[in-house]
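Attaching a single structure in C-alpha coordinates format; questions to follow.
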Amino acid sequence: MAINSDTDIYLAIEQLGLKANSFTLDQSCTPHKIIEWDSGNPDSQPTDDELNAAYTAWKAAEEYKINRANEYPNIVDQLDDIYHNGIDGWKATIKTIKDKYPKP
(Lines give C-alpha, C1' and ligand atoms only; values in the text may rest on other atoms or scores of the structure.)
Protein backbone atom coordinates (compact mmCIF):
# COMPACT_ATOMS: atom_id res chain seq x y z
CA MET A 1 0.00 0.00 0.00
CA ALA A 2 1.11 3.60 -0.53
CA ILE A 3 0.77 6.67 1.61
CA ASN A 4 -2.45 8.55 0.81
CA SER A 5 -2.03 11.86 -0.99
CA ASP A 6 -3.60 13.79 1.90
CA THR A 7 -1.69 12.06 4.72
CA ASP A 8 0.53 14.42 6.69
CA ILE A 9 3.44 12.13 7.53
CA TYR A 10 4.83 14.42 10.25
CA LEU A 11 1.47 14.56 11.99
CA ALA A 12 0.94 10.81 11.61
CA ILE A 13 4.34 10.08 13.13
CA GLU A 14 3.49 12.36 16.05
CA GLN A 15 0.14 10.58 16.52
CA LEU A 16 1.99 7.25 16.60
CA GLY A 17 4.24 8.60 19.37
CA LEU A 18 7.33 8.40 17.16
CA LYS A 19 8.19 12.11 17.01
CA ALA A 20 11.58 11.61 18.68
CA ASN A 21 12.80 9.58 15.69
CA SER A 22 14.88 10.97 12.81
CA PHE A 23 13.78 10.41 9.23
CA THR A 24 13.92 11.94 5.77
CA LEU A 25 11.08 12.38 3.29
CA ASP A 26 11.47 12.50 -0.46
CA GLN A 27 10.95 15.89 -2.09
CA SER A 28 8.49 14.77 -4.76
CA CYS A 29 4.94 15.99 -5.03
CA THR A 30 2.52 14.41 -2.60
CA PRO A 31 2.17 11.73 -1.56
CA HIS A 32 5.61 11.84 0.01
CA LYS A 33 7.32 8.78 1.35
CA ILE A 34 9.94 8.09 3.96
CA ILE A 35 13.23 7.50 2.16
CA GLU A 36 15.44 7.21 5.24
CA TRP A 37 14.68 6.04 8.76
CA ASP A 38 17.72 6.62 10.95
CA SER A 39 19.15 3.31 12.20
CA GLY A 40 19.74 4.98 15.56
CA ASN A 41 16.00 5.42 16.10
CA PRO A 42 14.63 3.45 19.04
CA ASP A 43 11.45 2.57 17.09
CA SER A 44 11.00 0.70 13.86
CA GLN A 45 9.76 2.58 10.79
CA PRO A 46 5.96 2.70 10.58
CA THR A 47 4.28 1.13 7.58
CA ASP A 48 2.31 3.14 5.06
CA ASP A 49 -0.88 1.59 6.44
CA GLU A 50 0.04 2.66 9.99
CA LEU A 51 0.75 6.23 8.82
CA ASN A 52 -2.52 6.41 6.86
CA ALA A 53 -4.54 5.02 9.79
CA ALA A 54 -2.96 7.41 12.31
CA TYR A 55 -3.62 10.44 10.11
CA THR A 56 -7.19 9.35 9.31
CA ALA A 57 -7.94 8.87 13.02
CA TRP A 58 -6.47 12.29 13.87
CA LYS A 59 -8.41 13.96 11.07
CA ALA A 60 -11.70 12.41 12.19
CA ALA A 61 -11.10 13.49 15.79
CA GLU A 62 -10.19 17.04 14.73
CA GLU A 63 -12.76 17.55 11.98
CA TYR A 64 -15.38 18.99 14.32
CA LYS A 65 -12.97 21.81 15.29
CA ILE A 66 -12.35 22.72 11.67
CA ASN A 67 -16.08 22.68 10.87
CA ARG A 68 -16.87 24.83 13.90
CA ALA A 69 -14.14 27.33 13.13
CA ASN A 70 -15.45 27.72 9.58
CA GLU A 71 -18.97 28.52 10.82
CA TYR A 72 -18.31 30.67 13.87
CA PRO A 73 -18.96 34.35 13.17
CA ASN A 74 -15.85 36.52 13.26
CA ILE A 75 -15.10 38.18 16.59
CA VAL A 76 -16.49 41.57 15.52
CA ASP A 77 -19.83 39.97 14.63
CA GLN A 78 -19.82 38.02 17.90
CA LEU A 79 -19.28 41.20 19.90
CA ASP A 80 -22.07 42.90 17.94
CA ASP A 81 -24.33 39.91 18.72
CA ILE A 82 -23.54 40.28 22.43
CA TYR A 83 -24.27 44.02 22.30
CA HIS A 84 -27.62 43.60 20.52
CA ASN A 85 -28.80 40.26 21.93
CA GLY A 86 -26.94 39.90 25.21
CA ILE A 87 -24.89 36.96 26.36
CA ASP A 88 -27.86 34.59 26.11
CA GLY A 89 -28.43 35.50 22.46
CA TRP A 90 -24.74 35.03 21.69
CA LYS A 91 -24.68 31.70 23.52
CA ALA A 92 -27.66 30.53 21.45
CA THR A 93 -25.81 31.37 18.23
CA ILE A 94 -22.68 29.53 19.35
CA LYS A 95 -24.65 26.57 20.74
CA THR A 96 -26.31 26.04 17.35
CA ILE A 97 -22.90 25.55 15.76
CA LYS A 98 -21.60 23.39 18.62
CA ASP A 99 -24.70 21.18 18.35
CA LYS A 100 -24.25 20.89 14.59
CA TYR A 101 -20.63 19.72 15.05
CA PRO A 102 -20.41 17.92 18.42
CA LYS A 103 -17.17 16.68 19.91
CA PRO A 104 -16.63 13.02 19.10
(Q) To the nearest 0.5 Å, what is the distance between CG on N52 and CG on D49? (A)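 Spacing of CG (N52) from CG (D49) equals 6.5 Å.
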Q.
Once rounded to the nearest 0.5 Å, what's the spacing between atom CH2 of W90 and atom NZ of K95?
A. 13.0 Å
Q | Side-chain touch W58/L11, heavy atoms, less than 4.5 angstrom | A | yes
Q: Locate the shortest heavy-atom distance separating R68 from Y101; write the atom from each residue and the value.
A: NE-O, 2.9 Å
Q. Does any non-hydrogen side-chain atom of Q78 lie less than 4.5 Å from one of Y83?
A. no
Q: Might you work through the salt bridge (charged side-chain N to carboxylate O under 4.0 Å, His left out) test for K59 and D6, ending with a clear yes or no?
A: CA-CA 10 Å; K59 190 174 173 183; D6 69 332; 3.1 Å; yes
Q: Please examine the side chains of L51 and I34, heavy atoms only from C-beta on, and report whether any two atoms are closer than 4.5 Å.
A: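 The answer is yes; the side chains approach within 4.5 Å.
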Q) Is any side-chain heavy atom of P46 closer than 4.5 Å to a side-chain heavy atom of W37? A) yes
Q | Close side-chain approach of H84 to D80, heavy-atom, < 4.5 Å | A | yes
Q) Between L16 and Y10, is there a shared hydrophobic cluster once you connect ILVMFWY residues whose side-chain heavy atoms come closer than 4.5 Å? A) yes
**Q.** Heavy-atom pair of closest approach, residues A54 and A12
**A.**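 Shortest heavy-atom contact: CB-O, 3.8 Å.
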Q: Determine the minimum heavy-atom distance between P31 and S28, stating which atoms define it.
A: O-OG, 4.1 Å
Q | Any side-chain heavy-atom pair of P104 and Y64 under 4.5 Å | A | yes
Q. Side chains of I35 and K33: does their closest heavy-atom pair fall under 4.5 Å?
A.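 Heavy-atom side-chain distance check passes, below 4.5 Å.
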Q.
Looking at every heavy atom in both P73 and I94, which two are closest together, and how far apart are they?
A. CD-CD1, 4.4 Å
Q) Would you find a donor on one side and an acceptor on the other, under 3.5 Å apart, between the side chain of D26 and the backbone of H32? A) no
Q) Are the side chain of N41 and the backbone N or O of D38 linked by a donor-acceptor pair below 3.5 Å? A)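 Checked: pair present.
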Q.
I'd like to know if I66 and I97 are part of one continuous hydrophobic network [Ile/Leu/Val/Met/Phe/Trp/Tyr, side-chain heavy atoms within less than 4.5 Å].
A.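 No; I66 is not reachable from I97 via cluster members.
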Q. Sub-3.5 Å donor-acceptor pair from the side chain of T7 to the main-chain atoms of I3, do we have one?
A.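 No, the answer is negative, given that no donor and acceptor are paired below the 3.5 Å cut-off.
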Side-chain polar contacts of residues 17-25 - donor-acceptor pairs under 3.5 angstrom, sequence neighbours left out - could you list them?
residue, atom, partner, partner atom, Å
N21, ND2, L18, O, 2.8
N21, ND2, D43, OD2, 2.9

Q. Could you state the interatomic distance from OG1 (T93) to NZ (K98), rounded to the nearest 0.5 Å?
A.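 Answer for the OG1-NZ pair, T93 versus K98, is 12.5 Å.
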